[in-house]
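Data block below; observations after.
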Amino acid sequence: MSDHATPTLAPVAAPATELDALIVGAGFSGLYQLLSLRDRLGLSVQVLEAGDGVGGTWYWNRYPGARCDSESHSYMFYFSEELLQEWEWSERYPGQAEIMRYLNHVADRFDLRRSIRFGTRVSAAHYDDAANRWRVTTESGQVWSARYLITAVGCLSTANVPDIAGLNDFKGDWYHTGQWPHEGVDFTGKRVGLVGTGSTGIQAAPVIAETAAHLTVFQRTANYSMPAHNAPLTDEFKRYMKAHTAEIRGVMHSSPNGHSFSIRPRLALDSSPEERQALYEAAWRKGGLEFRATFQDLLVSKAANDTAAEFIRAKIRSIVKDPATAAVLSDIDHPFAAKRPPIDTHYFETYNRDNVTLVDVRAAPIVCATPEGIRTTERDYPLDILVFATGFDAMTGPLMKMNIHGRDGLALNEAWHAGPRSYLGLQVAGFPNLFTITGPGSPSVLCNMPVAIEQHVDWITDCIAHLRENGIERIEPRPEAADQWVDKVNEAANATLLPQASHSWYLGANVPGKPRVFMPYAGGMPRYRAICNEVVAKGYEGFVLSR
Ligand code: NAP
């Protein structure tokens, strides 16, 4: 978005509601941040949330098949033992509706709703240096003034709808999976086109194919996917989980990705081909992201990675009966897990159905939409419904959209014109008392999100407590500390194969014109946690604290 059309000075007319802290977003991070600041520190806090309910990502992503790829017993808050004991998941991977029930339960249990204003989208936030307060305006013209502004806007919340010529002329209905209608979409008897084969498209395709007359999947980049083997949780597992919460938390906090399984301490190339095959087979049968943990070098050694990549390609060729379709699905151009690997329920099997067609839009790109459907360079595909599973303007998108201006009217969009620059993914130089939960430069999307969120919220809460106890008015990073952190984020990414997926959203490469910068911190959650703790132990090293 352009800054030039927006004023850089705060509007002054409307009287503001005065707060200690204002939080934007009521997903996992906003809810926990509210609880921490309001009930632990006793601050006056307001949450503003664009949706009409809690849930964040899960409020918007209601597409068919929407399900988390973290196992349910790890996809929950661990800050309260009572909450852990009273909540019971029904399946190995929680579906969207069950996650919504969980977050609504959290909101009710901790009486959070009274501090959340729903249906309220922030249109601008300006830092007033003289008053040392953030002045936040909403689309409906409300104004809030807060000492601390905390963004809890999620990393994957700004839908990326491709700019396809003629889309407005399409006579059918089209939807983006991240803005799915609450009433659902009836595919019965319809010719459906699905654009995108990331985690979302791979989840949606099998479900849409069950009722659609025909499903045409437009694939630009082939993708790895492992079977989820989702299933109801047994009573035995539910009992185990409740009896071992401390142990499970321990594993989650020691694993680089914050999951409830450990990465095996062995190297792929140290095993014989037969041993490797057996280990991959066992991991495939078990299912889920744990496949990635079969060997510790899969994300750092291309040769090791090739063994996993080839195993999955062979699986695709063995599952998909039509050799031409199998060839297009297994022609994958990046290392395994260099893009976030999806996990699926019968995705590749879906191509064995008579009512499903795969279209290779790398070979024959989409030219435009027509009133009747989609036109590629090869032919027309008549459609009734078009579904875009085309991802998000990830990590920076929701922050850039908020029209944030720091000291001297500096626009965040200006400060980040060449890519995000933060210190620890927590704060931005020139934007005092602004905290970005799971912001770019933090492990965020490379970690099981609730683990990353709890660490950030606890750090921010402790920081604000420290400021208040010591009469400190402001905190913001030193520019050189932010520069050094950006270098560390780049170093951490370059030590892995992750940047080799040159078109991934981790790099911002999925959004035309977005600067190519590797955004999340890839050094692992335990190392990141230790760095954040050390910064505090050294008196908030790298930050300027002023009275
Ligand atoms: P994504 O990973 O960015 O995938 C978008 C897909 O759309 C890609 O296949 C992309 O192709 C394609 N695409 C984009 N623009 C296109 C165009 N103009 N023409 C043709 N194809 C186009 O988005 P996502 O699948 O929504 O997933 C985003 C992230 O959300 C995931 O990586 C994951 O972190 C999270 N997520 C998690 C779950 C889960 O927990 N199970 C489920 C869904 C999403 P290219 O690759 O060629 O760009």
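The structure displayed is predicted, hence computed values, not measured ones.
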May I ask you to say whether E290 pairs ionically with R264, meaning some side-chain N is under 4.0 Å from a carboxylate O? yes
Any donor-acceptor pair under 3.5 Å linking the side chain of N305 with the backbone of L298? yes
Backbone N or O of Q203 within a donor-acceptor pair of the R67 side chain at under 3.5 Å? no
Do F336 and F311 have ring centres separated by under 6.0 Å? no
W416 side chain to R421 backbone, donor-acceptor under 3.5 Å: yes
So do the side chains of H105 and L83 get within less than 4.5 Å of each other, counting heavy atoms only? yes
How far apart are the C-alpha atoms of N448 and S70, what are their side-chain angles, what is the distance that settles it, and do they pass the side-chain hydrogen bond (donor to acceptor under 3.5 Å, both in side chains) test? CA-CA 7 Å; N448 176 26; S70 295; 2.7 Å; yes
Carboxylate-amine/guanidinium proximity below 4.0 Å for D235 and R239: no
Is any side-chain heavy atom of N494 less than 4.5 Å from a side-chain heavy atom of P499? yes
Heavy-atom closest pair (I248 atom, S260 atom, distance to 0.1 Å) is CG2-CB, 4.1 Å
Can any side-chain N or O of Q96 pair as donor or acceptor with the backbone N or O of W58 at less than 3.5 Å? yes
For side chain to side chain contact (heavy atoms under 4.5 Å, CB included), just list the numbers for M241 and L84, CA-CA rounded to whole Å, side-chain angles, deciding distance to a tenth of an Å, and then say yes or no. CA-CA 9 Å; M241 188 261 154; L84 280 164; 3.9 Å; yes
Considering all heavy atoms, the nearest V356-A209 contact: CG2-CB, 3.7 Å
State yes or no: are the ring centers of Y93 and Y75 separated by less than 6.0 Å? no
Backbone N/O of A327 and side chain of R313: donor-acceptor pair under 3.5 Å: no
Between Y280 and F295, is the ring centre distance below 6.0 Å? yes
So, D297 side chain and A268 main chain: donor-acceptor pair closer than 3.5 Å or not? yes
K238 atom NZ: more than 12 heavy-atom contacts under 6.0 Å: yes
With a 6.0 Å cut-off on the ring centroids, do Y102 and W89 count as close? yes
Between D380 and E372, does a side chain to side chain contact (heavy atoms under 4.5 Å, CB included) hold up when you go through it step by step? CA-CA 9 Å; D380 282 6; E372 278 73 39; over 6 Å; no
Where do C155 and V445 come nearest, in terms of heavy atoms and distance? CB-CG1, 3.6 Å
Is a donor on one side and an acceptor on the other found under 3.5 Å between the side chain of T350 and the backbone of H346? yes
Flag the pair L233 / S72 as yes when at least one side-chain heavy-atom distance between them is below 4.5 Å, and no otherwise. yes
Tell me whether the centres of the aromatic rings in H182 and Y59 are closer together than 6.0 Å. yes
Hey, is the main chain of W284 close enough, under 3.5 Å, to the side chain of H229 for a donor-acceptor pair? yes
Mind checking whether I164 and F388 have side chains closer than 4.5 Å, heavy atoms only? yes
W180 and P64: which non-hydrogen atoms are nearest, and at how many Å? CZ2-CD, 3.5 Å
Where T345 and A228 come nearest, the two heavy atoms and their spacing: OG1-CB, 4.3 Å
Paired with T438, the side chain to side chain contact (heavy atoms under 4.5 Å, CB included) test is passed by just one of V153, I453, T151, namely I453
Ring center gap for W505 and F392 short of 6.0 angstrom: no
salt_bridge(R340, D69) N-O dist < 4.0 Å: yes
Evaluate the side-chain proximity of P342 to N223: yes if any heavy-atom separation is below 4.5 Å, no if none is. yes
Please confirm whether the backbone N or O of Q85 pairs with a side-chain atom of K242, one donor and one acceptor, at under 3.5 Å? yes
To the nearest 0.5 Å, atom CE of M395 lies from atom OG1 of T158 at 12.0 Å
Quick one: pull up OG1 in T325 and CG in N352 and give me the separation to the nearest 0.5 Å. 8.5 Å
Take V185 and V387 through the test side chain to side chain contact (heavy atoms under 4.5 Å, CB included) and record every step on the way to the result. CA-CA 10 Å; V185 177; V387 175; over 6 Å; no
When rounded to the nearest 0.5 angstrom, what distance separates OG in S422 from CG in L412? 10.5 Å
In terms of ring plane angle, is the pair H503 and H334 parallel, tilted or perpendicular, where the classes change at 30° and 60°? perpendicular
Are any non-hydrogen side-chain atoms of T221 and K339 less than 4.5 angstrom apart? yes
Is there a side-chain contact between I374 and F170 (heavy atoms, below 4.5 Å)? no
Name the orientation class of the two ring planes belonging to Y381 and F218 (parallel below 30°, tilted from 30 to 60°, perpendicular beyond 60°). perpendicular
Between the main-chain N or O of E275 and the side-chain N or O of S271, is there a donor-acceptor pair closer than 3.5 Å? no
Given R317, R276, K315, the one that forms salt bridge (charged side-chain N to carboxylate O under 4.0 Å, His left out) with E310: R317
Could you check K171, H214, R191 and say which one makes a side-chain hydrogen bond (donor to acceptor under 3.5 Å, both in side chains) with D384? R191
With under 30° as parallel and over 60° as perpendicular, where do the rings of F77 and Y32 fit, or are they tilted in between? tilted
To the nearest 0.5 Å, what is the distance between CD (E71) and CE (M76)? 13.0 Å
K514, NZ atom: more than 12 neighbouring heavy atoms under 6.0 Å: yes
Kindly check if the number of other-residue, nucleotide or ligand heavy atoms within 6.0 Å of NZ (K488) is above 12? no
Would you say the ring centroid of Y240 lies under 6.0 angstrom from that of H73? no
Minimum side-chain heavy-atom gap F28-M449 below 4.5 Å: no
Report the C-alpha separation of E454 and R249 in whole Å, then their side-chain angles, then the decisive distance to 0.1 Å, and conclude whether the side chain to side chain contact (heavy atoms under 4.5 Å, CB included) test is met. CA-CA 12 Å; E454 283 193 347; R249 183 194 288 106; 5.9 Å; no
Sidechain N-carboxylate O distance under 4.0 Å for D333, R362: yes
Distance from L329 atom CG to L358 atom CG, nearest 0.5 Å? 5.0 Å
For V367 and T376 the tightest heavy-atom approach is CG2-C, 3.5 Å
How about R527: does its CZ atom have over 12 heavy atoms from other parts shown lying under 6.0 Å from it? no
